[in-house]
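In this chain, numbering begins with 1 at the start of the sequence shown. Atoms within a ligand are numbered from 1 in the order they appear, just like the ligands themselves. Note that the structure is predicted; figures quoted are calculated from it, not measured.
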Amino acid sequence: MSGPRSLTEDVFSSLVGGLKFDKNANALALDVMRKRPRVENEKSKDEPNSGAAKNGDNKRKSALDFFAAGPAKTAAATSKKQTSKKSEAKRKDKTKSKTHADSDSDDDRVEEAETEKAVVDANADADADKLSVSEVRALRKRMRIKVRGSDVRDPMLSFSVAGLQAGAAAAGPALRERAQTICENVERSRYTEPTAIQMESLPALLAGRDLLGCAPTGSGKTAAFLLPMLMRLRTRPTKVRGPEGLIIAPTRELAAQIVREFEKLALGIKGLRAALLRKGIKSPGRFDALVTTPERLAAMVAEKRVDLSTVHYLVLDEADKLFEMGFLEHVDEIINACGPETQRVMVSATMPPQIEELAQSVLRDPVEVVVGTKNAGAATIDQKLIFAGQENGKMTGLKQLIQDGELTPPTLIFVQTKERAQQLFEELVYDGYKIDAIHSDRTQQQRDDVVRRFRAGQVWILICTELLGRGIDFKGVRCVVNYDFPTSAVSYVHRIGRTGRANQLGKAYTFFTHDDIEFLRPIANVMRLSGCEVPDWMLKLRKPSSNERKAMQQRAPKRAAISSRPSAKKRRKMATKDGPSRDNKKRPLKTHASNKSESDA
Ligand SMILES: Nc1ncnc2c1ncn2[C@@H]1O[C@H](COP(=O)(O)OP(=O)(O)OP(=O)(O)O)[C@@H](O)[C@H]1O
């Protein structure tokens with residue numbers, strides 16, 4: 001008997017040979033296909049390829065507007081800001097009178113009247129911020145925002161109590177206080193204005209819509225889904241009822257970071273708590289929001305330790321990664337366990353077309369937002385390719401970069417495997433750099449410790465694998481080095497995206513050898529789309545076939561070990577010819593700085 005196809009099967013067929021997505025087999029997907037109208041608010045095609053490199057400078061400039069505080073504000077936006085100030089003053093008056101009413105009486109009718117008044121006030125205040133249709137169109141064009149979907153709301157130009165409350169107007173005066181607290185937290189975080197993705201996501205998500213958001217690395221997608229979540233979660237009695245919000249991320253490191261961001265933005269909101277789902281966690285259902293990796297959650301659902309039927313706001317962060325094989329089966333289970341009414345949010349800096357189609361199939365009448373050029377690197381990153389000839393040329397090249405002062409700390413160096421992370425660490429640790437390595441072979445405590453010390457500036461160069469490739473926000477990272485060539489353009493975009501975040505400038509160096517040349521073109525293409533100079537010959541290289549690309553993604557190429565020591569064979573030869581081999585000379589004890597704390601523990 002053949003049952004309905006799962007998402008896993010669908011993605012598998014898409015990965016093994018063209019997308020054969022069976023919409024009819026999936027009731028939910030079928031429903032989506034019937035219901036989803038496709039109204040184009042803006043031109044939806046990506047920028048044409050030609051001329052992109054020529055216009056690189058202009059593109060970089062306009063792309064910097066992801067953080068709206070950029071210099072080129074439209075007159076419209078400025079005048080609306082003044083209006084917004086007026087409405088904020090009005091709002092303060094109203095808040096005063098509201099507080100007065102609250103303290104004077106606890107009569108239910110007063111409470112009801114207040115609810116209605118607050119809703120009307122919020123809408124009126126939000127209306128004061130309203131742009132005309134042509135202003136909205138001009139703003140989106142200037143900020144390179146494309147929006148698709150039915151009944152899309154206007155962008156939110158400022159973080160205001162009225163704006164936050166108007167979106168979620170149904171909830172009444174208690175929410176006004178919450179919106180006020182959120183705005184204070186936003187201000188404390190020094191978010192002066194919403195970024196492009198936040199401008200569009202907030203109104204849609206506050207209104208309860210599903211959303212698919214694609215915006216460059218470091219452009220504020222986390223707050224784009226967290227702020228509406230904070231407005232949409234209900235404060236509840238203390239008894240255990242199950243989480244209302246759920247955020248899935250591909251790595252524990254990213255999940256932990258999202259919890260920290262939640263706590264920062266929710267500070268002072270009574271009764272709203274988020275937790276990282278850990279093995280030993282007691283009664284996870286008592287938290288309002290859970291943040292987790294798919295495997296951990298699926299395991300706990302299977303053990304019946306978490307019930308997801310209460311979830312009404314589900315986020316898939318780094319959604320395209322979560323729809324890849326290995327994660328997809330669990331993600332599929334999680335989406336089903338949350339129930340069909342859950343609001344679904346998917347965001348990422350990259351969204352390959354076949355994954356996008358899959359993601360679309362689980363969204364209902366979504367608003368789609370694309371900021372900048374899809375699948376390109378952030379325009380704040382100066383990207384460079386370095387030809388190293390052979391494998392051992394990379395070490396020479398790296399040391400040269402260090403000597404030339406190009407590796408401004410804090411720096412991240414990406415390699416393709418944990419073994420190579422260890423090898424590179426052992427090569428560099430003797431040179432006296434404040435260096436460490438993070439990969440999946442290290443214990444969770446070591447990983448947490450390394451991340452903490454890197455954030456604190458105690459580690460200047462951090463060697464890492466793809467484990468840190470997605471979503472991690474180390475604010476000050478000035479430089480990223482791809483010591484090993486990334487296995488896909490998507491991986492490249494995310495790796496280099498650890499720098500150049502939040503409108504800061506960053507540098508990215510990528511080494512390539514003779515063997516990497518066959519996969520150079522997709523990376524050169526990303527660079528061109530991001531507005532960087534690339535030699536013409538790279539863009540004219542043969543395009544790797546989709547099978548070659550898939551093979552490369554699944555298995556990184558074999559590379560000679562990173563070592564300045566001669567190979568074992570050479571050492572044996574040297575030992576018989578020249579007496580004792582160099583290997584017999586004792587090297588200093590090699591330890592990670594954090595191994596100490598591990599053995600101390
Ligand atoms: N409105 C804002 N103004 C200024 N800074 C902001 C704003 N929103 C977010 N940020 C900051 O920008 C940085 C990047 O944000 P975030 O980590 O959400 O990026 P992202 O888009 O999720 O990146 P990635 O694709 O790599 O996951 C963070 O340090 C965050 O605190």
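- Contacts with ligand 1 closer than 4.0 Å are made by no heavy atom of His494, backbone or side chain.
- Between Arg190 and ligand 1, no N or O atom pair is found at a separation short of 3.5 Å.
- Aromatic ring pairs are classed by plane angle as parallel below 30°, tilted from 30° to 60° and perpendicular above 60°; the pair Phe159 and Tyr191 is tilted.
- Of all the heavy atoms of Thr217, the ones lying under 4.0 Å from any atom of ligand 1 are found in both the backbone and the side chain.
- The shortest heavy-atom distance from Ala215 to ligand 1 is not under 4.0 Å.
- Using a 4.0 Å cut-off to heavy atoms of Glu193, the atoms of ligand 1 that qualify are 1 (N), 2 (C), 3 (N).
- Listed for the Arg528 side chain is no donor-acceptor partner under 3.5 Å among the backbone atoms of Val534.
- No salt bridge links Arg452 with Asp448; every basic N to acidic carboxylate O contact stays at or beyond 4.0 Å.
- Note: an N/O pair closer than 3.5 Å links Gly220 and ligand 1 by distance alone.
- In summary, Arg260 and Asp473 do not engage in a salt bridge, as defined by a charged side-chain N under 4.0 Å from a carboxylate O.
- Salt bridge status for Lys221 with Asp317: absent, with no side-chain N to carboxylate O gap under 4.0 Å.
- Taking every heavy atom of Ser219 and a limit of under 4.0 angstrom, the matching atoms of ligand 1 come to 19 (O), 20 (P), 21 (O).
- In this structure, Thr217 and Ala378 approach most closely via the heavy-atom pair OG1-CB, 3.7 Å.
- Contacts between Pro216 and ligand 1 below 4.0 angstrom, taking non-hydrogen atoms only, involve the backbone exclusively.
- Counting only non-hydrogen atoms, the option in Glu261, Arg498, Arg501 that gets closest to atom 17 (O) of ligand 1 is Arg501.
- With respect to Asp210 and Arg344, no salt bridge is recorded, no charged nitrogen being found less than 4.0 Å from a carboxylate O.
- Note on ligand 1: Gly497 sits outside its first shell, no heavy atom being nearer than 4.0 Å.
- In summary, Asp320 and Arg470 engage in a salt bridge, as defined by a charged side-chain N under 4.0 Å from a carboxylate O.
- The distance criterion of under 3.5 Å between nitrogen or oxygen atoms is met by Asp473 with respect to ligand 1.
- Applying the 4.0 Å criterion to heavy atoms of Ala502 picks out, from ligand 1, the atoms 12 (O), 13 (C).
- With hydrogens and angles disregarded, no donor-acceptor distance shorter than 3.5 Å links the side chain of Asp382 to the backbone of Gly506.
- At least one N or O atom of Gln198, backbone or side chain, sits closer than 3.5 Å to an N or O atom of ligand 1.
- Atom numbering of ligand 1 starts at 1 in the shown order; those under 4.0 Å from a heavy atom of Glu318 are 27 (O).
- Counting heavy atoms of neighbouring residues, nucleotides and ligands inside a 6.0 Å radius, atom CD of Glu187 does not exceed 12 of them.
- Per-residue contacts place Thr222 under 4.0 angstrom from the following atoms of ligand 1 (heavy atoms of the residue considered): 16 (P), 17 (O), 18 (O), 22 (O).
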